Amino acid sequence: MTFLTSEEVDALLAAPDPQRWEGRRDKAMLALTVQTGLRVTELTSLNCNDITLGDGAAVRCEGKGRKQRTVPLDRHVQDLLRSWLNERAGRGGDPLFCTRTGRRLSRDAVAQRLSTHAQAAAETCPSLLEKRVHPHVLRHSCAMSLLQAGVDTTVIALWLGHAGVRSTDAYVHADMTIKEKALALTTPVTARPGRYRPTDKLLAFLDRL
C-alpha cells in the first residue's frame, strides 16, 4: 500500500502555482482530498453547496452504494475552500471543482493534475520519485495520518465510508510505526526470563534510605 508521509504531503500541497487559477483550484482540491480521504468519484461529484464553512464545517458526499456521509473540515482546508468558492462564484448546484469553462473535472483530469504536481513536488521532496502518486494514494495518506494520530479504526472506517472495520485493518498492517512501538514494549531478547530479583547489596542499600 502506497501512502505519503507528512513531508511529502506538504511538498505536494506547496506545488500548485498560487498565481494561476488552476493552481488555486488544485491546491484547494488536493488539500480537501488529503484531509477527508474522499474517493476520486466522490471528489468530482461535489457541488458548491456540499461545502459548509464556519461552525460545523464539513463536506457532504455520496459514496459507494449511494451512502451519504459528512466529514469535518479543519481550519486550513476551510480557508482554502472559502477563497476558492469566492473565486469560483458558482451556484449551489454547480460543480465545486471545474474547468475554466465550468465543466466538472473528470477522474482522469484529477489524476493528471495530481501527477503533474507530484512531479513538481519531487524537486524539493525526492522521495516522491519512488512513489506512483494517484488519487487513491491521497485517500490512503488520510487514513494513515488518522491512524498515526491515534484515531480508532472504527472512526476511520466511518470517516472513509468503509462498509466495515475490516477494510480499515489494512492500514494497521501497513503502518510500521505502530509495529515499532509494539516492539519497543516487548521484553528484549537478551533479557533473562522470570521476575527480577534484587541482590542483597541492593536490598541493604534501599533499607538505609
Side-chain angles (χ1 to χ4, degrees), residues 2-54 56-63 70-146 159-160:
T2 302
F3 61 92
L4 305 183
T5 65
S6 59
E7 292 79 9
E8 290 167 342
V9 167
D10 289 344
L12 179 65
L13 296 183
D17 184 355
Q19 301 304 315
R20 302 186 68 243
W21 184 88
E22 290 85 356
R24 295 188 292 274
R25 176 200 63 193
D26 291 355
K27 183 162 187 172
M29 179 174 67
L30 296 180
L32 174 66
T33 309
V34 169
Q35 197 248 291
T36 61
L38 295 183
R39 300 176 179 92
V40 66
T41 52
E42 297 168 346
L43 180 71
T44 56
S45 297
L46 292 177
N47 294 325
C48 294
N49 60 6
D50 288 322
I51 301 296
T52 299
L53 301 175
V59 56
R60 297 180 302 276
C61 69
E62 184 174 274
T70 302
V71 184
L73 300 174
D74 66 24
R75 187 167 300 278
H76 173 65
V77 173
Q78 283 189 67
D79 290 342
L80 291 173
L81 287 172
R82 183 177 290 106
S83 296
W84 169 245
L85 283 168
N86 288 336
E87 182 170 5
R88 167 78 177 85
R91 292 171 296 182
D94 290 341
L96 177 61
F97 299 114
C98 59
T99 65
R100 280 186 177 269
T101 59
R103 296 180 60 184
R104 191 178 299 274
L105 284 182
S106 67
R107 290 179 294 175
D108 288 342
V110 172
Q112 189 274 329
R113 298 301 297 169
L114 174 58
S115 177
T116 296
H117 295 311
Q119 291 176 20
E123 296 180 7
T124 57
C125 188
S127 60
L128 284 167
L129 293 172
E130 304 170 5
K131 299 180 178 180
R132 179 174 171 267
V133 183
H134 51 82
H136 215 66
V137 169
L138 303 188
R139 181 171 167 84
H140 292 327
S141 303
C142 170
M144 295 301 286
S145 175
L146 292 170
W159 190 288
L160 298 179

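Keep in mind that what you see is a predicted model, and the values were worked out from it rather than measured.
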**Q.** Over 12 foreign heavy atoms within 6.0 Å of CZ, R60
**A.** yes
Q) Would you say Q35's side chain and P72's backbone share a donor-acceptor pair under 3.5 angstrom? A) yes
Q) Once you round to the nearest 0.5 Å, how far does SG of C125 lie from CD of E7? A) 7.0 Å
Q: Determine, step by step, whether E62 and S45 satisfy the side-chain hydrogen bond (donor to acceptor under 3.5 Å, both in side chains) criterion, reporting the C-alpha distance in whole Å, the side-chain angles of both residues, the deciding distance to 0.1 Å, and the verdict.
A: CA-CA 8 Å; E62 184 174 274; S45 297; over 6 Å; no
Q: Answer whether the closest heavy-atom distance between the side chains of L105 and R25 falls below 4.5 Å.
A: yes
Q) Judged by atom type as modelled, is there a donor-acceptor pair below 3.5 Å linking the side chain of D17 to the main-chain atoms of Q19? A) yes
(Q) Please determine whether side chain to side chain contact (heavy atoms under 4.5 Å, CB included) holds for the pair L85 and C48, giving the CA-CA distance in whole Å, both sets of side-chain angles, and the decisive distance to 0.1 Å. (A) CA-CA 7 Å; L85 283 168; C48 294; 4.1 Å; yes
Q | Residue pair G63 / R39: nearest heavy atoms and the distance that separates them | A | CA-NH1, 4.3 Å
Q | From OG (S83) to NZ (K27), nearest 0.5 Å | A | 10.5 Å
Q. Would L73 and L32 count as a side chain to side chain contact (heavy atoms under 4.5 Å, CB included) if you check the C-alpha gap in whole Å, the side-chain angles of each, and the deciding distance to 0.1 Å?
A. CA-CA 8 Å; L73 300 174; L32 174 66; 3.6 Å; yes
(Q) Testing the basics here: between L46 and C61, what is the closest heavy-atom pair and its distance to 0.1 Å? (A) CD2-CB, 4.1 Å
Q. Any donor and acceptor pair, going by atom type alone, linking the side chain of D50 with main-chain N or O of N47 inside 3.5 Å?
A. yes
Q | Within-4.5 Å side-chain heavy-atom neighbours: L12 and L114 | A | yes
Q | Nearest heavy atoms of V40 and P135, plus distance in Å | A | CB-CB, 3.9 Å
Q: With the side chain counted from C-beta on, respond yes when V59 and T70 share a heavy-atom pair under 4.5 Å apart, and no when they do not.
A: no
Q.
Below 30° counts as parallel, above 60° as perpendicular, anything between as tilted: where do the rings of H140 and H136 land?
A. perpendicular
Q. Would you call D26 and T116 a side-chain contact if the rule is heavy atoms closer than 4.5 Å?
A. no
Q.
Please check: side-chain N/O of S141 versus main-chain N/O of L4, any donor-acceptor pairing under 3.5 Å?
A. yes
Q. With distance as the sole test, does R139 use its side chain to make a donor-acceptor pair with the main-chain N or O of L160 at under 3.5 Å?
A. yes
Q) Can any side-chain N or O of T124 pair as donor or acceptor with the backbone N or O of A121 at less than 3.5 Å? A) yes
Q. Do the side chains of R91 and D94 get nearer than 4.5 Å, heavy atoms only?
A. yes
Q. Would a distance-only check, ignoring hydrogens and angles, find a side-chain to backbone donor-acceptor pair under 3.5 Å from T33 to G37?
A. no
Q | Closest heavy-atom pair and its distance - W84, L96 | A | NE1-O, 2.9 Å
Q) Do Q119 and H117 have side-chain heavy atoms sitting under 4.5 Å apart? A) no
**Q.** Heavy-atom closest contact (F3 atom, K131 atom, distance)
**A.** O-NZ, 2.8 Å
Q: Would you give the length of the straight line joining atom CG of L128 to atom OG1 of T5, rounded to the nearest 0.5 angstrom?
A: 7.5 Å
Q) Is E22 paired with R113 through a side-chain N to carboxylate O contact shorter than 4.0 Å? A) no
Q. If you look at every heavy atom in L81 and F97, which pair is closest and at what distance?
A. CD2-CZ, 4.2 Å
Q. Quick one: does C98's side chain get under 4.5 Å of R104's, heavy atoms only?
A. no
Q. Can you tell which of R88, E87, M29 makes a side chain to side chain contact (heavy atoms under 4.5 Å, CB included) with R24?
A. E87
Q) Got a second to check how far M144's CE is from T2's OG1, nearest 0.5 Å? A) 11.0 Å
Q. Does any N or O in the side chain of W21 come within less than 3.5 Å of the main-chain N or O of R100, such that one atom is a donor and the other an acceptor?
A. no
